[in-house]
Amino acid sequence: MISLELSIIRFKDVFKKYSPENVIFSGIDLEIEKGEFVFLTGPSGIGKSTMLRILFCAERPTSGEIWVDGVALSSLSNAQVPYLRRKIGVIFQDFKLLSNRTIFDNVALSLEVIGLGKKQAEQRVMQVLEGVGLKGKMSQYPLRLSGGEQQRVAIARAVVNRPAIILADEPTGNLDLQRTEEVMMLMEELNARGATIIFATHDERLFENTHRRVLRFHNGKIRI
Amino acid sequence: MSLAILCRRAFFDLRQNFFGQLITTMVVSLSILIFAFFSLLYFNLQDFVDRFGTELGLTIFLTKEAPKDRIPYLYQKLTDLSEVEKVTYISSEEAFRRLEHFLKEEQDVLEGVDAEFLPPSFEVQINRAVFQLDRIKQLAGEIDKWPEVSKVQFGQEWIDRLHVFSGLVRTIVTIIGILLLFTAAFVVTNTIKLNVYARKEELEIMRLVGATNMFIQGPFLVEAFLQGLLGSSLALGIVFAGYSFLQGFETRFELLRGMNICFIPWHYTFAIIASSVLLCVMGTALAMRRFLRL
């Protein structure tokens, strides 16, 4: 089913519950426009990560409909899910890097998956690593890098195949103030290039003085 | 994904997870080694029982009245039977000579006895390839009905004992073989499962960046194929080395001569390798199943 709306992400009456007592969303309606940068906030365990997991189809909602880039998620078969995920870059608090692969190989993984030629992939990885300031460390292994550097590698991996949407789940949760600022600048840059960003965080300082939309979870609903 | 890319990724993974792959291959190898040694024992026992049965052969005694000109006809008739390997005609005179030789110094007791008092006979050697105890019994019964034949002897008692013994051995060996096979399958699949679990983060990340199930599974299945192939080939190689070593002993030591140790039949060897490969591939596919869901 194709949505005719301009929004890149749309939630319509979405419910998510794990049990009758454990209700995460109770009828969420939401629209996020193409190129928008939104913050998703609320205390830990309120459902921020669940919302992101539903968007990249790691979980399914209990009821309701969600459209991502015009595609209704309920219409996607399991075999089609990987193709949707290629349109979405995901960044986690714990980086999720492969410790036995070099920085270059970690970033190249996203391109290997879509079957991009070796030369083209090499060029693209170098370009992205240069963008996050890690070109000089591409043959090192993740555990040799600082937390901030590892998160930059994770960001490089998430954006190297130029996804339309970036989902960031507490990406600064493990970083000090200076590294947090670096990550925020990178995210702003990606947004400026056209990516739609949903940034989940419980740290209110990150959007204190922002003009961005802030979505707050409260009792299974979202308040803007 | 082309085969070349698939193999390149599989070899890259093999290099990256060399220790885990090595452990799995060794576990496959050891499990198959135990089973293969047991198979070697089984086939040698089976071969021994078969050989023993054929060596007993049949002795067909003819009536004294059987016309001499019927002998070539009977000889041909016996030779034409598919179960028969070799037929030797023993005339009354030859039988008498053998008796004299057997009695040695006491052959005086035969004095005045005509050679014709012993009936002529055929000694029949059974073809090993078609040896079947029940068929030999049936054959002896059929030959016994020929008008020129007075009696067919084939060590009935021995063959019956052999029949019971080989049946018992076969049952015990089959039960132990099945148990061993299950143990090997259990150990191998669990080792594979541990190996896959150890790489679950890698699987999760690949799914995250949009890899299809085939893209994720492909290299794992190639690795499993190689583990099964290498593990079982190594095990069978060790068993073959052991067999060659024993064969060397056989030619050097008088006591072992004539034992005729045989190796596991080739088609069975290939079946072991194929089963091992299948076990590893299926084990990997099953272990990965839960990581490939949404």
Side-chain angles (χ1 to χ4, degrees), chain A residues 52-61 73-74 76-92 94-102 105-118 121 141-142 153-154 156-167 169, chain B residues 1-25 192 194-224 226-227 284-294:
Chain A
L52 301 188
R53 285 175 62 77
I54 286 176
L55 280 172
F56 66 86
C57 289
E59 284 186 48
R60 297 276 195 189
L73 297 190
S74 65
L76 283 183
S77 67
N78 286 355
Q80 289 170 311
V81 167
Y83 300 97
L84 173 91
R85 286 183 181 157
R86 293 174 192 182
K87 295 180 184 175
I88 303 172
V90 191
I91 305 158
F92 294 93
D94 59 354
F95 324 131
K96 291 201 189 301
L97 298 175
L98 292 169
S99 55
N100 59 350
R101 292 196 186 206
T102 60
D105 289 334
N106 264 285
V107 178
L109 186 68
S110 297
L111 300 176
E112 205 181 323
V113 160
I114 58 170
L116 200 72
K118 206 178 163 189
Y141 288 88
V153 177
R157 185 188 59 198
V159 302
V160 72
N161 63 349
R162 295 166 188 166
I165 302 163
I166 294 169
L167 308 177
D169 190 2
Chain B
M1 184 171 40
S2 75
L3 192 68
I5 293 178
L6 183 71
C7 291
R8 186 170 56 81
R9 287 188 53 223
F11 283 107
F12 178 80
D13 283 356
L14 275 173
R15 253 201 347 254
Q16 289 284 316
N17 306 287
F18 184 73
F19 191 66
Q21 309 284 1
L22 188 71
I23 295 284
T24 312
T25 309
I192 286 172
L194 285 176
N195 200 17
V196 170
Y197 274 44
R199 292 169 66 184
K200 74 173 189 194
E201 203 182 11
E202 187 182 335
L203 300 179
E204 199 187 327
I205 292 168
M206 280 207 266
R207 281 177 48 215
L208 197 69
V209 294
T212 58
N213 282 358
M214 194 52 230
F215 183 91
I216 300 171
Q217 235 179 351
F220 276 83
L221 296 181
V222 171
E223 286 159 42
L226 291 174
Q227 279 162 358
T284 302
L286 283 175
M288 290 187 81
R289 214 171 42 166
R290 60 170 295 203
F291 296 108
L292 297 177
R293 290 186 203 130
L294 275 185

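Here the structure is a predicted model, which means the values were calculated and not measured. Residue numbers begin at 1 in each chain, while the letters A, B, ... track the order of the sequences.
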(Q) Report which part of A:N106 has an atom under 4.5 Å of a heavy atom belonging to chain B: side chain, backbone, both, or neither. (A) neither
Q.
Ignoring hydrogens, what is the shortest heavy-atom contact between B:T212 and A:P82? Give both atom names and the distance.
A. CA-CG, 3.9 Å
Q | Reported CG-to-CZ distance for the pair B:L208 and A:R157, which is rounded to 0.5 angstrom | A | 6.0 Å
Q. At a heavy-atom separation under 4.5 Å, does A:L97 approach chain B through its side chain, its backbone, both, or neither?
A. backbone
Q.
Just to verify, what does A:K87 make a salt bridge (Lys or Arg N to Asp or Glu O under 4.0 Å) with, not counting sequence neighbours?
A. A:D69
Q. What option among A:N161, A:L98, A:V90 has the most heavy-atom pairs under 4.5 Å with chain B?
A. A:L98
**Q.** CZ/B:F11: more than 12 non-hydrogen atoms of other groups inside 6.0 Å
**A.** no
